[in-house]
Undergrad: 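Let me begin by handing over the structure; questions about it come next.
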Protein chains: 2
Amino acid sequence: MAATLRDVAKLAGVSFKTVSNVINDYPHVRPATRAKVERAIAELGYKPNLNARSLRSGRTDTVALAVPELNLSYFAELAGMVIAAAEESGLTVVVEQTGGDRDRELALLRSPRLSMTDGLILSPLGMGQEDAGALDVPFPLVLLGERTFDWPCDHVTMRNVEAARAATEYLLASGRRRIAVIGEYEGEVMGSARLRLRGYREALAAHDVPYDASLVVRATLWHRADGARAMHELLDRDVPFDAVFGFNDTMALGAMRVLQEAGRRVPEDVAVIGFDDLDEAAYSIPSLTTVDPGREWLARTALGTLLERIAETGPKQPPRTELADFTIVERESAPRN
Amino acid sequence: MAATLRDVAKLAGVSFKTVSNVINDYPHVRPATRAKVERAIAELGYKPNLNARSLRSGRTDTVALAVPELNLSYFAELAGMVIAAAEESGLTVVVEQTGGDRDRELALLRSPRLSMTDGLILSPLGMGQEDAGALDVPFPLVLLGERTFDWPCDHVTMRNVEAARAATEYLLASGRRRIAVIGEYEGEVMGSARLRLRGYREALAAHDVPYDASLVVRATLWHRADGARAMHELLDRDVPFDAVFGFNDTMALGAMRVLQEAGRRVPEDVAVIGFDDLDEAAYSIPSLTTVDPGREWLARTALGTLLERIAETGPKQPPRTELADFTIVERESAPRN
DNA sequence: GCAGAATTCTACAACGATGCAAACCGGGTT
DNA sequence: AACCCGGTTTGCATCGTTGTAGAATTCTGC
């Protein structure tokens, strides 16, 4: 059995509360006593029982992070960043996968498992405006990555519309006019899809390029295979296009693969731009031009915001929205000119 | 404040212990009482405080999973599988990143944070034989992915030597003779590197192909960029080669990219085979032939083994080793013929 | 050498749950 | 009518820690 405060206390010949005081750096402990206790701690290899500490103090120093799935590189890299940032603050992270499923997202918000955490960072995909009520929870909650709706909690998110518009304008500036889009999802559940589509349309409108629905291909899950499937569909439609905007890198890469199988040269025949700036984007053939939505900042800010909420004592502050800056990363699949 | 057992009890007009009995499905509760209590639970939205439960019962229903970094797709996908499997058993998973760093791995094994978990699944990279003692820990521990050493705990791992040998023989069978290797790491810390190199050499020996050290390129971290760097180094050496065996997919993909930049055709000039069977391998250009080390099985078995250890009551059983079956997944970068 | 103030240490009560054992409550035996 | 016996319910101790309040000790100044 692991040693407890009392074991240490007995060995050191003090009361167990004194040991607790030593551990918590209570100022009024005589150096000699402290040394004695520390020796006993070392000798027994004592480690505090964090469960007991949490029960007593109400703080768990653990946060939950819920993403659709780690299988999607975007979320894997994001999760890695959140965990690394948490580690710096001495926090533990429990990771949950929702599969982007509304019911699982809602279930998570009500889960007793959250009683083991101080708060939750949620990347929702399935929930919609009708679920706003479910977000009014009695614990700190930060939404990461969406901002479609008027929801009663903090958001840390990216400039989806502006970034998509910039990506589209980038393609337009390089002379492309028939720009296909992969990842639209009319179900309207997935916030980013709608927002990025809006940015795309704004760019077209600003440049007097007509919007052509036959260039828009839907994809619900945003996996590599979805991008591939979408590109097959686009090719089957037999409409001309000279560029593709994938709503995420993974789909763009899947699409690029199919494109090249079909004999189209990238970027000569078709320019391809993605969204996310995954590690992988720099090493595909050709390397993928993409939008860096500011992930590192997103991860750190989401955690920072959550920690502020956790530390908050007085009356609840109104929800805040934090927006990351994006940049376009030029690579081979869509050269600037 | 969240409702407690006592709040529910007061509302239902029973003792708080009866509420506890209802929650724990204690058999001798009158249906009428049970209904009354359940109504009160619903009305208050009572959720058990898992910290308190853990403190009392000693079980946390949480396990820790430590991987080098989620940034590496292999570990991200693996982590996703472990979490999904845990979810099925009603377990929570806390994810830690060690960076493959020995000191952080060792620190983790001694971390008080583990007192919040029932056990640990560790994917060690940095530790060596001299650290065997550190693995003799007072909690359930399963090593996932390495089996270089004689360590006093359960291992769930892959057939590194056999799989690497099979991959090499696959290339040999397709007529390649100058097979380069990327990912060797003489530091000998990283078990897989040594084992896969051994498999490679065994295959060569079995087919009377001489081992040529100038075909072996080291890489310590196994990222995409490491594969790219290694391939640059190999090209600089200016030795002829007609195939490349990347010790993981990520490096193989990075290398393949450089190879094509340099004008070598894959697979005509150089066949490429990887190791891991990432999602991504099916969508690269060309798609990547690789070894599927049985990851899904590894993830499930690691968790299953850990759960068995956790459930274990009597004297500690001797450590076990579980080995996954591998398969070679033929794709374009290295056709069978 | 002693009062009074500081410092250092300790006792006790939580935190919210579970395990154990005892108490209760009817109906069937004797 | 006392007794026993399941099924049901309850009270108490406990898990390992921290907060509060007060007791014990040491220090200070005269």
Side-chain angles (χ1 to χ4, degrees), chain A residues 1-38 40-41 44-62 112-118 138-139 313, chain B residues 1-38 40-41 44-62 92 111-118 138-139 313:
Chain A
M1 233 13 245
T4 75
L5 279 186
R6 319 180 105 86
D7 300 325
V8 176
K10 201 186 306 171
L11 184 61
V14 296
S15 89
F16 77 96
K17 185 64 230 267
T18 300
V19 180
S20 171
N21 287 340
V22 168
I23 289 167
N24 294 296
D25 284 324
Y26 180 73
H28 303 303
V29 177
R30 237 183 321 167
T33 317
R34 181 179 299 274
K36 206 165 47 175
V37 170
E38 275 166 353
I41 288 178
L44 293 175
Y46 166 79
K47 300 195 200 71
N49 178 321
L50 299 188
N51 265 306
R53 178 177 290 177
S54 297
L55 174 60
R56 183 60 240 235
S57 68
R59 283 284 305 268
T60 64
D61 287 334
T62 298
R113 289 154 73 147
L114 291 176
S115 69
M116 289 198 320
T117 68
D118 291 337
F139 51 83
T313 51
Chain B
M1 233 15 245
T4 75
L5 277 187
R6 319 178 107 87
D7 300 325
V8 176
K10 202 187 304 170
L11 183 63
V14 295
S15 87
F16 80 96
K17 185 64 232 262
T18 300
V19 180
S20 170
N21 287 340
V22 168
I23 288 167
N24 294 295
D25 284 323
Y26 179 72
H28 303 303
V29 178
R30 236 183 323 162
T33 316
R34 181 179 300 274
K36 206 166 46 176
V37 169
E38 275 166 353
I41 287 178
L44 293 176
Y46 167 79
K47 299 195 200 71
N49 179 321
L50 299 188
N51 265 308
R53 180 179 288 179
S54 296
L55 174 59
R56 184 60 240 241
S57 68
R59 284 282 304 267
T60 64
D61 288 334
T62 298
T92 304
S111 166
R113 288 154 72 147
L114 290 176
S115 69
M116 291 199 320
T117 67
D118 291 337
F139 51 82
T313 52

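Hydrogens, waters and symmetry mates play no part in the numbers below; they use all other heavy atoms, side chains included. Numbers restart at 1 for each chain; the letters A, B, ... are given by sequence-line order, proteins then strands.
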Undergrad: Rounded to whole angstroms, how far apart are CG on Asn49(B) and C1' on dT17(D)?
TA: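 Distance check: Asn49(B) CG to dT17(D) C1' gives 14 Å.
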Undergrad: Grab the CG-C1' distance between Asn51(B) and dC15(C) for me, whole Å please.
TA: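 Those two atoms, CG and C1', are 10 Å apart.
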Undergrad: Rounded to the nearest 0.5 Å, how far does CG of Asn49(A) lie from CE of Met116(B)?
TA: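 Between Met116(B) CE and Asn49(A) CG, I get 10.0 Å after rounding to 0.5 Å.
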Undergrad: For the OH atom of Tyr26(B) and the OG1 atom of Thr18(B), what is their distance to the nearest 0.5 Å?
TA: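 Separation between the atoms: 10.0 Å.
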Undergrad: For the side chain of Lys47(A) and the base of dG16(D), is some donor closer than 3.5 Å to an acceptor across the two?
TA: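 Per atom types, no contact qualifies.
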Undergrad: If each of Ser15(B) and Arg56(B) is mapped to the nucleotide of DNA chain D with the nearest heavy atom, which maps nearer the 5' terminus, i.e. the 5' end?
TA: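 Closest to the 5' end, via its nearest nucleotide, is Ser15(B).
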Undergrad: Within this structure, what is the CE-to-C1' distance between Met116(A) and dA17(C), rounded to whole angstrom?
TA: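 Those two atoms, CE and C1', are 14 Å apart.
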Undergrad: May I ask you to evaluate whether Asn21(B) reaches the phosphate of dT8(D), defined as a side-chain N or O under 4.0 Å from OP1 or OP2?
TA: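 The answer is no; no side-chain N or O of Asn21(B) sits under 4.0 Å from OP1 or OP2.
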Undergrad: Inspect the surroundings of NZ in Lys36(A) and state if more than 12 heavy atoms from other residues, nucleotides or ligands are less than 6.0 Å away.
TA: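 Count over threshold, so yes.
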Undergrad: Would you kindly compare Pro27(B) and Arg30(A) by the position of their nearest DNA chain D nucleotide and give the one closer to the 5′ end?
TA: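 Its nucleotide being nearer the 5' end, the pick is Pro27(B).
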Undergrad: Rounding to an integer number of Å, can you tell me how far Phe16(A) CZ sits from dA14(C) C1'?
TA: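 Distance, rounded to whole Å: 11 Å.
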Undergrad: With a 4.0 Å limit, can you tell me whether Ser20(B) has a side-chain N or O closer than that to the phosphate oxygens OP1/OP2 of dT18(C)?
TA: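 It does, given that an N or O in the side chain of Ser20(B) lies less than 4.0 Å from OP1 or OP2 of dT18(C).
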Undergrad: Kindly say if Asn24(B) contacts the phosphate of dT18(C), meaning a side-chain N or O under 4.0 Å from OP1 or OP2.
TA: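 Yes, because at least one side-chain N or O of Asn24(B) sits under 4.0 Å from OP1 or OP2 of dT18(C).
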Undergrad: Name the closest nucleotide to the Leu5(A) side chain, picking from dT18(D), dT18(C), dG16(C).
TA: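 So the side chain of Leu5(A) is nearest to dT18(D).
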Undergrad: Using a cut-off of strictly less than 4.0 Å, decide whether Tyr26(A) has a side-chain nitrogen or oxygen near OP1 or OP2 of dT20(D).
TA: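 For dT20(D), OP1/OP2 do not have a side-chain N/O of Tyr26(A) under 4.0 Å.
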Undergrad: If I take atom NE2 in residue His28(B) and atom P in nucleotide dC5(D), what distance separates them, rounded to the nearest angstrom?
TA: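 Spelled out: NE2 on His28(B) to P on dC5(D) is 16 Å.
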Undergrad: I need the CG-C1' distance between Leu55(A) and dT18(C), as an integer number of Å.
TA: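 Value for this atom pair: 13 Å.
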Undergrad: Is Thr33(B) close enough to dT9(D) that one of its side-chain N or O atoms is under 4.0 Å from OP1 or OP2 there?
TA: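 Thr33(B) to dT9(D) OP1/OP2: side-chain N or O found under 4.0 Å.
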Undergrad: Take the protein atom CG of Asp25(A) and the nucleotide atom C1' of dG19(D), then report the distance between them rounded to whole Å.
TA: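 In whole Å, dG19(D) C1' and Asp25(A) CG are 17 Å from each other.
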Undergrad: Measure the distance from CG on Asp61(A) to P on dT18(D) and round it to the nearest whole Å.
TA: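 Distance check: Asp61(A) CG to dT18(D) P gives 12 Å.
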Undergrad: Is the phosphate of dG16(D) approached by Arg53(A) (side-chain N or O, under 4.0 Å from OP1 or OP2)?
TA: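 Checking Arg53(A) against dG16(D): no side-chain N or O falls below 4.0 Å of OP1 or OP2.
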Undergrad: First locate atom CD1 of Ile23(A), then atom CD of Glu38(A), and finally report the distance between them rounded to the nearest 0.5 Å.
TA: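 Ile23(A) atom CD1 to Glu38(A) atom CD measures 9.5 Å (nearest 0.5 Å).
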Undergrad: Working to the nearest 0.5 Å, report the span between CG of Asp61(A) and CZ of Arg113(B).
TA: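 Here the interatomic distance stands at 9.0 Å.
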Undergrad: If you look at every strand shown and take non-hydrogen atoms under 4.0 Å, does Thr4(B) touch a base, only sugar-phosphate, or nothing?
TA: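 Sugar-phosphate contact only - Thr4(B) comes under 4.0 Å of backbone atoms but never of a base.
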Undergrad: Using the side-chain heavy atoms of Tyr46(A), tell me which of these nucleotides is nearest: dT10(C), dT17(D), dG16(D).
TA: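 So the side chain of Tyr46(A) is nearest to dT17(D).
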